[in-house]
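Small disclaimer: the values here were computed from a predicted structure and weren't measured.
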Amino acid sequence: MFSFPPPLCCKLWDVIPGYRVFSANSTSACTELAKKITERLGVELGKSVVYQESNRETRVDVMESVRGQDIFIIQTIPRDVNTAIMELLVMAYALKTSCAKNIIGVIPYFPYSKQCKMRKRGSIVCKLLASMLAKAGLTHIITMDLHQKEVQGFFNFPVDNLRASPFLIQYIQEEIPDYRNAIIVAKSPSAAKRAQSYAERLRLGLAVMHGEAHQSESDMPDGRHSPPLSRTVTGHTGLELPLMMAKEKPPITVVGDVGGRIAIIVDDIVDDVEDFVAAAEILKERGAYKIYIMATHGLLSAEAPRLIEESAIDEVVVTNTVPHEVQKLQCPKIKTVDVSMILAEAIRRIHNGESMAYLFRNIAVDD
């Protein structure tokens, strides 16, 4: 009578883990975060090939079996955002058709998160992307510091929105000398809640900047005053609604005393830095002797490194949710905080079915 030898069966089950971690990016700079996460988890990065064909089509080849396993896809977003999105979608669909049990996207910086509101004749692109990810096969997402927390409502599956503030606060306490003489600054009233959270946790004062230098969206031509079509109108011709007065933006002012203090501007994204540079100049004029910028996602597009280097900003501190090694070579003022620890712990807890509450301890609804 034939039977499988028990030692071979035991060895087979020991070799096959219950989950795998893949990187959905084709560039080496973007796989650094994935390598750090897998090192902390004590697992090897999944074997896959992601590349662009000659006609710029994205191709993904999964080089190992994923049947019945929990699969975590780590995707950092470089400058070519649309290519990164297609890499994630194609890999998720490839894993879905390979019978993976669950497909969890680890997307520290969620792209198109700024396009989460209807603006005139535009569209809510963030909701479109959420639908595309669900259709491709994702069943869960781990992200960090969404631009608007309400974005989680666009998804029909769980979204864990982790926070980078504990790591940035730790950096302030350990790396900024005399941080007790600092003041937390919100560069606009919309960033006041985030700044208030930092100020309360660090037991520091709060200042808010008001006024913007760029053109208001409402001042841009959008075709609303186009001449009407010539047609015969019968019956009711419409109501005369009261005309809304146009906004007049005041010059940039600072509410709060920053004289003789270290000014720490906090935000979620540092992309085009003109606003930050203008804010730093105002803070310098008001007497701040050092200016730091703390943010989660360092996109640092276009001429950002050069503008930072030539500005009154002393240091820009961002996390490694987005690769920015090239920008750091161009500007020594840019510093990086590693957040792979919390991402690895989130992966471990989701796979083991443990509560995620530990990662959100002492975090309020407004944080």
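- Ionic pairing of E64 and R20 is present here: one or more N-O contacts between side-chain nitrogen and carboxylate oxygen are shorter than 4.0 angstrom.
- With contacts defined as side-chain heavy-atom distances shorter than 4.5 Å, the pair S113/Q148 does not qualify.
- Taking a cutoff of 4.0 Å between a charged side-chain nitrogen and a carboxylate oxygen, R306 and E310 qualify as a salt bridge.
- No donor-acceptor distance shorter than 3.5 angstrom exists from the side chain of R121 to the backbone of R119, with no hydrogens or angles considered.
- Clustering ILVMFWY residues whenever any of their side-chain heavy atoms sit less than 4.5 angstrom apart, transitively, puts V255 in a cluster other than the one holding I264.
- By the 4.5 Å heavy-atom criterion applied to side chains, I37 and I74 are counted as neighbours.
- To the nearest 0.5 Å, atom OG1 of residue T321 and atom OH of residue Y109 are 9.0 Å apart.
- In this structure the side chain of E175 never reaches within 4.5 angstrom of the side chain of Q170, judged on heavy atoms.
- In terms of modelled atom types and a separation under 3.5 Å, the side chain of D338 and the main chain of F167 share no donor-acceptor contact.
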**Request:** Would you please test N320 and T336 for side-chain hydrogen bond (donor to acceptor under 3.5 Å, both in side chains) and show each step?
**Result:** CA-CA 6 Å; N320 56 344; T336 307; over 6 Å; no

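- Remark: the backbone N or O of K127 is paired with a side-chain donor or acceptor of S131 at under 3.5 angstrom.
- Side-chain contact annotation: S355 with R349, donor-acceptor N/O pair under 3.5 Å absent.
- Side chains of Q152 and N161 form a contact here, defined as non-hydrogen atoms less than 4.5 Å apart.
- Looking only at side-chain heavy atoms (C-beta outward), L300 and V270 come within less than 4.5 Å of each other.
- The hydrophobic cluster containing I176 also contains Y198, counting ILVMFWY residues as joined when their side-chain heavy atoms lie under 4.5 angstrom apart, directly or transitively.
- Cation-pi geometry between K187 and F276 is met: under 6.0 angstrom from the ring centre, within 45 degrees of the axis.
- Judged by distance alone, with hydrogens and angles left aside, the side-chain atoms of R180 form a donor-acceptor pair with the main-chain N or O of L202 at under 3.5 Å.
- F110 places a side-chain heavy atom less than 4.5 Å from the side chain of I141.
- For the side-chain contact (heavy atoms from CB on, under 4.5 Å) with L299, the lone residue among V273, D272, D271 that qualifies is D271.
- Two residues are said to be in side-chain contact when any heavy atoms from C-beta on lie closer than 4.5 Å; I269 and T296 fail this criterion.
- Under the 6.0 Å cut-off for aromatic ring centres, Y292 and Y171 do not qualify, their centroids lying 6.0 Å or more apart.
- H297 and T319 form no side-chain donor-acceptor contact under 3.5 Å, judged by distance and modelled atom types alone.
- A donor and an acceptor atom, one from each side chain of Q52 and E87, are located under 3.5 Å apart.
- Across all their heavy atoms, M209 and A279 have their closest contact at SD-CB, 3.6 Å.
- The environment of OH in Y93 is sparse: at most 12 heavy-atom neighbours from other residues, nucleotides or ligands sit within 6.0 Å.
- A side-chain contact (heavy atoms from CB on, under 4.5 Å) with I85 holds for exactly one of L88, T83, L89; it is L89.
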**Message:** What verdict does the side-chain hydrogen bond (donor to acceptor under 3.5 Å, both in side chains) test give for D268 and H147, after you've listed the backbone C-alpha separation in whole Å, the side-chain angles of each residue and the deciding distance to 0.1 Å?
**Reply:** CA-CA 7 Å; D268 61 330; H147 187 61; 2.7 Å; yes

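- Here the two rings, on H351 and Y19, have centers that are under 6.0 Å apart.
- Looking at heavy atoms from C-beta onward, I293 lies out of side-chain contact with E315 at the 4.5 angstrom threshold.
- Using modelled atom types and a 3.5 Å distance limit, the side chains of N25 and S23 yield no donor-acceptor pair.
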